[in-house]
Visitor: 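Got a structure for you, written out below as structure tokens; questions coming shortly.
In what follows, every chain begins at residue 1, and chains take the letters A, B, ... in the order their sequences are listed. Quantities reported herein were computed from a predicted structural model and do not represent experimental measurements.
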Amino acid sequence: MAIIKTEGLTYVYGEGTPFRKVAVDSVDLEIESGDFAGIIGHTGSGKSTLIQHFNGLLKPTSGSVWIDGERLWDDKAKLRPVRFKVGLVFQYPEYQLFEETVYKDIAFGPKNMGLDEDEIDRRIKETARLVGIGDSLMSKSPFELSGGQKRRVAIAGVMAMEPKVLILDEPASGLDPKGREHILGMIKEYHQETGNTVLLVSHSMEDIARNVQKILVMNDAKLFCYDETAKVFHRSEELRAMGLAVPQITRVFERLRAMGIDTGEDVYTVKYAARLLLEKLKK
Amino acid sequence: MIKDITIGQYFPGSSVLHRMDSRIKIILTAVFIVMLFAAKDIAALAVGILFTLVTFLISKIPLKMMGKSLKPIIPLIIFTALLNLFFIRSGELLWQWRFIKITDQGIDTSVFMVIRIICLICGTSLLTYTTSPIDLTDAIERLLSPLKKIKVPVHELAMMMTIALRFIPTLIEETDKIMSAQKARGADMETGSLIQKAKAMVPILIPLFVASFRHAEELALAMECRCYHGGEGRTRMKQLKLSMIDLYGSLFTAAFLASVIAVNILMKK
């Protein structure tokens with residue numbers, strides 16, 4: 001069953017003012033449970049607005065959103081439970097940290113769920129291990145940590161709610177390559193360990209190609225497509241027309257193909273490309 | 001939502017009022033306030049009403065904005081009206097119930113006061129409607145500059161005001177983001193008792209505080225990088241210059257002030 005479903009989802013900013021802007025335009029979408037999907041689209045294409053509908057932070061101007069078979073906004077009181085079901089990590093989540101200690105900050109979400117102490121403790125330890133926050137950091141103030149550590153603590157704060165769907169908006173932006181690797185690796189691990197649905201908004205096609213199974217493309221407030229990674233990157237011409245790119249390695253192989261070297265299609269990770277080339281060379 | 005809050009409600013335009021020197025506008029606003037308070041009775045106040053209406057029309061600001069600027073002070077207006085109505089005991093008694101007495105003078109005064117407040121708010125809000133916050137602080141700095149002689153840090157004060165105004169929208173946006181982020185973690189800000197609601201603000205206020213300090217630090221650094229060192233010897237890109245419009249505006253206002261005084265004297269007789 002689809003865990004997230006939308007029908008005719010439309011959101012308009014500043015309705016009735018000169019600044020009126022359609023941010024999401026009649027999106028019909030079904031995301032299956034357990035998917036690990038990337039969301040791409042150039043700046044202002046409506047990605048961030050779209051994901052804020054999945055946990056009921058924004059109310060659709062028209063259209064509906066179903067989470068786990070339940071339609072949002074039918075009953076306003078039921079919105080909070082939805083936020084525990086769909087965890088949303090905003091861009092630069094480290095700016096939301098506020099507690100005295102790392103431990104307490106991660107506990108904020110689970111505490112709001114009304115869980116008992118033991119369960120909260122278990123979840124905190126579990127997620128801290130997953131994001132690589134050692135015990136020595138747990139009693140420190142979150143404001144003493146480094147940028148990358150802060151980011152991981154903030155993500156852990158959402159993961160600790162054990163949401164069925166985890167959505168991350170540019171979780172790796174502004175970090176050095178090592179930090180990026182770390183964050184993306186732990187998200188991948190989270191998906192593998194829990195089998196939960198994960199949506200990853202990113203501008204880096206490389207990060208997307210390396211991690212996700214499916215890609216959702218937004219273009220000018222409209223849903224362009226939601227399909228498997230290979231199929232999406234196959235439409236590189238169209239992607240380029242909307243100001244997006246395909247991974248560098250895909251571009252290299254497209255060039256090779258254009259030069260008449262048969263390399264096979266759907267190359268979008270360096271790992272796969274290396275294997276492909278090795279096989280070719282062996283022949 | 002939170003973004004709808006407007007502070008420094010500047011209304012861009014090119015009317016005569018918009019083009020007037022902001023210093024003159026501030027002074028004329030002060031004159032306008034004097035005019036309203038100089039008016040001793042309803043006839044003199046009528047001149048003030050006329051002045052308010054005429055300036056509003058000249059400014060080409062939609063008249064409904066008048067209503068908008070009055071909205072927040074409606075409680076104050078009602079309070080003033082009731083206070084005057086019930087507590088003025090002189091004049092002819094019109095109606096009485098136990099200790100509440102309403103006299104004709106009470107009614108007169110309360111109507112008079114209400115009109116005066118409405119004119120006051122509408123007229124003075126024209127200043128902020130037609131002057132951008134930056135121009136306004138500039139003008140304040142220039143008007144207060146004589147105070148530099150007695151070691152008042154006028155430039156620094158004006159700079160602080162400018163920066164504060166500049167960061168209001170930034171902080172509103174920031175608040176919005178932090179609120180969304182905490183809501184996504186299940187923060188409940190709508191239900192509960194007053195104390196619970198106040199407690200629920202902590203997860204928003206602390207990140208907001210941290211953000212303001214971060215902004216302040218970054219801004220200070222950026223200003224230092226551009227060799228900012230206070231007001232000493234600083235020149236301006238936009239020089240404030242007086243023009244004929246300012247002269248006409250001043251004469252226009254002076255004429256109205258004179259009429260108010262004249263009507264006052266006439267009515268006394």
Visitor: About how many Å separate CD of Q182(B) and CD of Q96(A), when rounded to the nearest 0.5 Å?
Guide: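 Result: 5.5 Å between the selected atoms.
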
Visitor: Can you name the nearest heavy-atom pair linking I206(B) to F143(A), along with the distance?
Guide: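 For I206(B) versus F143(A), the nearest heavy atoms are CG2-CZ, 4.1 Å.
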
Visitor: For each of A181(B), P203(B), A184(B), tally heavy-atom pairs with chain A at distances under 4.5 Å, and name the one with the top tally.
Guide: P203(B)

Visitor: When only pairs under 4.5 Å are counted, which of D188(B), L208(B), V210(B) shares the most heavy-atom pairs with chain A?
Guide: D188(B)

Visitor: Around atom OH of Y228(B), are there more than 12 heavy atoms from other residues, nucleotides or ligands closer than 6.0 Å?
Guide: yes

Visitor: So does E100(A) have more than 12 non-hydrogen atoms from other groups sitting under 6.0 Å from CD?
Guide: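 No - once you tally the heavy atoms of other residues, nucleotides and ligands closer than 6.0 Å, there are 12 at most.
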
Visitor: Name the option with the most non-hydrogen atom pairs under 4.5 Å to chain B; the candidates are F84(A), F90(A), Y92(A), Y95(A).
Guide: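 If we count pairs closer than 4.5 Å to chain B, Y95(A) comes out on top.
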
Visitor: Calculate, to the nearest 0.5 Å, the distance between atoms CE and CG belonging to M179(B) and L57(A) respectively.
Guide: 10.5 Å

Visitor: Are any side-chain N or O atoms of R83(A) and backbone N or O atoms of R185(B), one a donor and one an acceptor, separated by less than 3.5 Å?
Guide: no

Visitor: More than 12 non-hydrogen atoms from neighbouring residues, nucleotides or ligands closer than 6.0 Å to CD on E117(A), yes or no?
Guide: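 Incorrect, the count does not exceed 12.
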
Visitor: Give the member of G109(A), P163(A), A160(A) that has the highest number of heavy-atom pairs under 4.5 Å with chain B.
Guide: G109(A)

